[in-house]
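Labels below follow one simple rule: chain letters A, B, ... track the order of the sequence lines, proteins then strands, and each chain is numbered from 1.
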2 protein chains.
Amino acid sequence: MSSSPSSGPGLSPRTGRPRRAAADAAILEATRAALVELGWSKLTMGDVASRAKVAKTTLYRRWANKSELVIDAVALLFDELDLPDRGSLAADVEGVVLRFAELLDRPETKTALMAVVAESTHDPALQARIRTSIVDRQKRLVLEGRARAQARGELPTETDPAVAARTSSLIFDVIAGAVVHRTLVSSEPIDEAWAHAFTHLILNGLTAVAPPMERG
Amino acid sequence: MSSSPSSGPGLSPRTGRPRRAAADAAILEATRAALVELGWSKLTMGDVASRAKVAKTTLYRRWANKSELVIDAVALLFDELDLPDRGSLAADVEGVVLRFAELLDRPETKTALMAVVAESTHDPALQARIRTSIVDRQKRLVLEGRARAQARGELPTETDPAVAARTSSLIFDVIAGAVVHRTLVSSEPIDEAWAHAFTHLILNGLTAVAPPMERG
DNA sequence: AGGTTTCGCTACGGGTCGTAGCGTAACTGC
DNA sequence: GCAGTTACGCTACGACCCGTAGCGAAACCT
């Protein structure tokens with residue numbers, strides 16, 4: 001597979017010259033910068049190497065190809081997301097939608113995420129890497145908000161763990177999917193009014209009366 | 001911009017040798033085939049040209065670059081979607097989710113859609129083309145289903161057209177986004193159980209009791 | 001020391017891009 | 001018919017990028 005730096009330190013050889021750890025950070029930073037300026041298709045390995053002040057061969061010793069490099073460069077950004085307790089389920093949902101939208105608004109995030117997903121449609125290994133590096137890591141937000149809402153009595157407590165897992169996945173895909181789709185496919189901005197309307201829809205359903213969205 | 005064939009016939013010159021119309025269809029078909037076999041990054045213009053039995057220069061005379069070619073090649077596929085009346089809003093939503101998931105399951109669709117979206121993050125012209133060629137065309141499904149549900153009395157009739165437009169866009173992003181995200185990002189299949197649970201969520205909201213999903 | 005691995009550098013074959021130039025084909029208006 | 005215009009297929013080209021190989025030097029271990 002790849003010689004990514006994410007391979008644990010236990011696997012690293014105990015002999016020989018150690019890899020310069022700072023180079024990893026420099027390369028990933030350079031990759032993000034190059035993505036912003038050039039986009040996916042015009043990003044070249046040679047350019048990343050020179051930005052990071054590293055030989056191109058060093059780059060290939062650590063990552064097998066462009067896709068895996070970009071995944072690692074972007075995965076970190078998603079870890080910035082947190083879910084502060086805003087007192088109610090509705091406020092929590094609204095908050096995470098806005099934070100996620102903000103994250104997706106950064107050019108390196110949007111470009112990298114879609115490009116990697118596109119490549120993954122023909123590369124099962126890449127799919128797996130996306131799931132472990134991004135999807136599974138972010139599901140924690142849903143689990144957290146769900147547990148919090150259950151503690152508040154806003155949501156029924158789930159007994160069957162299998163059902164709970166399916167429901168969490170469903171909610172995750174609905175929230176993340178809506179934000180991604182509006183931002184990247186429909187190319188329309190996400191403001192507080194949209195977040196509010198979306199939250200109303202998710203919590204109360206389509207059959208409820210029209211959401212209290214500000215006119216404008 | 002581009003010399004796409006979508007430029008109306010009124011703009012075509014009335015003199016000189018006319019373009020061979022069949023070549024367009026052959027090129028688009030070849031593009032889809034190449035996408036399936038090679039994926040986005042390994043698809044080359046030369047390969048498409050030879051598949052379509054057309055000179056590479058002819059290809060460049062009609063499309064400016066790979067992205068615009070791929071958009072035109074894929075936009076047609078989305079027109080296949082329709083929305084048969086299944087008797088209720090819930091059944092309609094469930095139906096369109098399954099049909100859309102089916103469409104996204106085809107390798108040429110998923111590969112092309114994501115790749116083009118990724119490129120569009122650095123190309124406003126491409127964004128506009130995606131909106132007109134795909135997004136706006138598919139919103140008709142939402143409008144259709146909504147009108148049908150209102151006729152049945154399942155949804156309140158909207159008076160303010162601006163509010164109605166915003167609501168339709170919201171619903172579109174939620175439905176399409178959830179399907180796209182689960183299929184392409186989470187890499188999990190969409191079956192009838194998921195469609196059922198999703199529909200329940202959209203119609204009744206998160207605060208309702210757990211959806212009647214078959215155990216398994 | 002000796003062994004091992006990384007690093008920077010250079011160089012290379014193979015492939016793709018997008019364009020230019022040519023002769024020819026098709027169609028229009030005089 | 002004939003000149004004018006545009007599309008077509010073909011070849012060739014410079015520019016660029018990919019991913020790898022080989023080298024000497026550096027950094028760490030026992």
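- Rounding to whole angstrom units, CD of residue A:Glu68 and P of D:dG19 are separated by 12 Å.
- With sequence neighbours excluded, the residues satisfying salt bridge (charged side-chain N to carboxylate O under 4.0 Å, His left out) with B:Arg32 are B:Glu29.
- Checked against salt bridge (charged side-chain N to carboxylate O under 4.0 Å, His left out), B:Glu94 has no partners two or more places apart in sequence or in another chain.
- Remark: A:Ser67 engages no residue in a side chain to side chain donor-acceptor pair (under 3.5 Å) (not counting sequence neighbours).
- Rounded to whole Å, atom C1' of C:dT6 lies 12 Å from atom CD1 of A:Ile27.
- Set against D:dG9, C:dT6, C:dG8, the side chain of A:Arg19 has C:dT6 as its closest nucleotide.
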Sequence neighbours excluded and cut-off under 3.5 Å, please list the side-chain donor-acceptor pairs for residues 34-45 of chain B, or say none.
{"residue": "B:Glu37", "atom": "OE1", "partner": "B:Arg51", "partner atom": "NH2", "Å": "3.1"}
{"residue": "B:Glu37", "atom": "OE2", "partner": "B:Arg51", "partner atom": "NH1", "Å": "3.4"}
{"residue": "B:Ser41", "atom": "OG", "partner": "A:Glu119", "partner atom": "OE1", "Å": "2.9"}
{"residue": "B:Ser41", "atom": "OG", "partner": "A:Glu119", "partner atom": "OE2", "Å": "3.4"}
{"residue": "B:Thr44", "atom": "OG1", "partner": "B:Asp47", "partner atom": "N", "Å": "3.1"}

Please set out all donor-acceptor pairs under 3.5 angstrom arising from side-chain atoms of residues 96-104 of chain B, sequence neighbours excluded.
{"residue": "B:Arg99", "atom": "NH2", "partner": "B:Glu80", "partner atom": "O", "Å": "3.4"}
{"residue": "B:Arg99", "atom": "NH2", "partner": "B:Asp82", "partner atom": "OD1", "Å": "3.3"}

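- When rounded to the nearest whole Å, the span between CE of A:Met45 and P of D:dC18 equals 7 Å.
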Nucleotides 19-30 of chain C: protein proximity per nucleotide (B base, S sugar-phosphate only, - neither; heavy atom, under 4.0 Å): BB----BBSS--
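- Nearest nucleotide to the side chain of B:Arg62, out of D:dC8, D:dG9, D:dG19: D:dC8.
- One can place NZ of A:Lys66 at 9 Å from P of D:dG19, the figure rounded to the nearest angstrom.
- Residue B:Glu119 contributes atom CD, which lies 13 Å from atom P of C:dC17 at whole-angstrom precision.
- Distance B:Leu43 CG to C:dC17 C1': 13 Å, rounded to the nearest Å.
- Counting to the nearest Å, the C1' atom of D:dC17 and the CG atom of A:Asn65 are 15 Å from each other.
- Here CG of A:Leu28 is found 6.5 Å from CG of A:Leu76. Values are rounded to the nearest 0.5 Å.
- When rounded to the nearest whole Å, the span between NZ of B:Lys42 and P of D:dG19 equals 9 Å.
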